Amino acid sequence: MNKLRSLREKKGLTLGQLSARASIPSRLINDYEIGQQLIPLPHAKLLAKALWVKVEDILPPANPPAGIATPPPAPPRPTPPAEQQMAAPLEDGHQAMPQEQRSYPPRPGWGSPPKPRGAKPPRPLKPKPEPIILPATEGQVQEIMRQGHRAGLSEEEIAAEVGKPLTELDRMQAREWIRNMRERAAGLSEEAKKSPATTRLPDDREPEYLTAQQKAGAIFSFTMFDGQIFTGQIKEYTPYTIVIDGDDGNDVVLRKLAIAYYQRVGTGNPLAVLAAAEHSEGHHDGELAPHKGEVAPPHAPAAVAGLADDGEPGVYGSDEHALRQEEDARRDDVADAPGEEPLPATASPDMGGHQGGSNDGVAL
Amino acid sequence: MSLSDHMKLLRARHGGVTPLEMQEVTGVPMHEVNLIEMKHRRIGEDDEMLGKLAAYFSVPLEQLQWHRERYRKKLTAALYERQDGGEPITLKLESGHQLSGPVSWFDRTAVALAQEGQEPIVVERHAVVDWE
């Protein structure tokens with residue numbers, strides 16, 4: 001029994017208690033006690049502090065203060081029988097471990113000598129593997145063709161550009177050609193944005209314009225499908241209607257579907273603006289006539305030769321145009337016959353309910 | 001004028017007949033008529049269906065086919081082209097008028113044609129029969 005064990009027993013501490021106080025594993029303390037291992041100085045300090053003694057009291061006299069001198073070889077212990085090894089309890093009540101299990105390999109930093117750090121022998125350089133060239137996949141070939149067609153190229157043109165059959169391309173080359181064709185097709189699609197099929201346009205220019213003119217108090221002249229002209233200030237508008245101040249002070253609701261075109265004619269008093277417009281000259285084709293309350297015939301005369309008065313263009317031919325005029329004249333005659341009302345030329349079925357009969361200020 | 005707008009106009013001229021009433025007479029499903037009136041792209045490929053509609057409205061089939069080729073997106077493309085090129089465009093209206101001028105602005109519903117020394121004329125797109 002060395003000094004450490006005697007001190008521990010004198011203080012009435014078990015191995016476990018001393019281990020907890022010194023933060024040293026009890027197994028190691030046991031080794032120190034039985035002389036299996038030398039006590040290194042840091043542990044000696046910890047144990048001395050835990051036992052309230054000096055370091056010199058723990059270290060054996062032969063042990064130099066550094067605690068790293070070669071200790072005298074521990075006397076060989078008699079080997080107890082195997083059953084005794086397994087079952088022999090320690091004096092502090094701990095189960096003793098078999099000798100084989102108590103011999104642990106030295107731990108790094110716990111007294112074991114540092115590993116020599118010599119220069120490692122250079123690793124032999126591995127030869128780079130030869131790149132494996134794989135032929136283009138069928139999907140890649142199809143993708144080149146597809147993107148090429150998108151770019152407006154025929155099969156022959158694609159093959160001519162590539163310079164060899166697509167099936168002879170390797171996988172990397174095929175990847176490059178796919179990228180190439182895709183970029184070309186994308187460039188085309190930028191141009192195609194103005195094609196009729198893909199054109200997009202803003203929705204709100206007309207509302208912006210009407211809002212600005214409404215705030216400015218502008219007076220507009222509205223020409224309807226059937227030739228009627230209404231003039232007044234815009235009071236309000238919706239996507240389907242525009243409400244203006246009528247000549248008689250009543251509001252007139254104009255359906256957007258019944259409006260052909262409109263133009264700002266000035267600001268201020270609508271009547272004064274109309275009077276000024278009457279005296280002005282050089283009106284363009286289809287220029288505004290003053291609205292005097294009368295209703296123009298459903299089919300206003302065509303302002304341009306070659307257009308039928310119902311608006312159908314001259315592509316039907318001049319003979320057809322004449323026939324259509326006659327037909328319209330007959331239709332007007334029928335509509336003017338007593339007991340029958342003419343069909344509203346520009347009524348919108350979508351807006352509902354204002355066709356024929358009394359319009360009550362609603363322009364159709 | 002697109003077939004969409006022309007179909008609306010024809011219905012209006014026939015007393016505001018509804019697509020449902022047309023379906024009962026012609027057998028053309030009302031959703032087909034709604035589709036024709038709603039779309040801005042070229043639509044109305046089925047000549048047989050157009051023939052039924054033309055017969056119902058007592059107009060030649062060629063008339064509907066002619067309007068089919070003047071769909072709204074085609075007018076939009078023409079407007080873009082003229083606007084970018086700074087060239088005037090001439091719009092022929094259903095009312096018989098013919099208006100010309102550089103495109104000042106346009107949107108889905110209207111086109112503003114600039115007029116020299118005057119305020120621009122705003123033309124409702126559904127009134128445009130043809131352009132050049």
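Everything quoted here is computed from the prediction, not taken from an experiment. The chains referred to below are lettered A, B, ... by the order of the sequence lines, with proteins before strands, and numbering in each begins at 1.
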Exercise for review: Evaluate the side-chain proximity of Leu257(A) to His126(B): yes if any heavy-atom separation is below 4.5 Å, no if none is.
Suggested key: yes
Exercise for review: Report the distance from atom CG of Asp226(A) to atom CD of Glu94(B), rounding to the nearest 0.5 Å.
Suggested key: 11.0 Å
Review point. Is there side-chain contact between Trp105(B) and Glu206(A), with heavy atoms separated by less than 4.5 Å?
Key: yes
Review point. For Glu157(A), does the CD atom have more than 12 heavy-atom neighbours from other residues, nucleotides or ligands under 6.0 Å away?
Key: yes
**Study point:** Pro207(A) versus Asp107(B), closest heavy-atom pair with distance
**Key:** CD-OD2, 3.9 Å
**Study point:** Ring geometry between Tyr261(A) and His97(B) (parallel below 30°, tilted from 30 to 60°, perpendicular above 60°)
**Key:** perpendicular
Exercise for review: Between chain A and each of Ser100(B), Ala110(B), Ala127(B), Ala112(B), count heavy-atom pairs under 4.5 Å; write down the option with the most.
Suggested key: Ala127(B)
Exercise for review: Answer whether the closest heavy-atom distance between the side chains of Gln115(B) and Gln263(A) falls below 4.5 Å.
Suggested key: yes
Practice item. Kindly indicate whether the side chain of Pro239(A), heavy atoms from C-beta on, has any atom under 4.5 Å from the side chain of Thr109(B). Key: no
Review point. Going by heavy atoms in the side chains, are Tyr262(A) and Glu124(B) under 4.5 Å from each other?
Key: yes
Check your understanding: Crowded around Glu48(B) CD? As in, over 12 foreign heavy atoms under 6.0 Å?
Key -> no
**Study point:** Within 6.0 angstrom of Lys39(B) NZ, more than 12 heavy atoms from elsewhere
**Key:** no
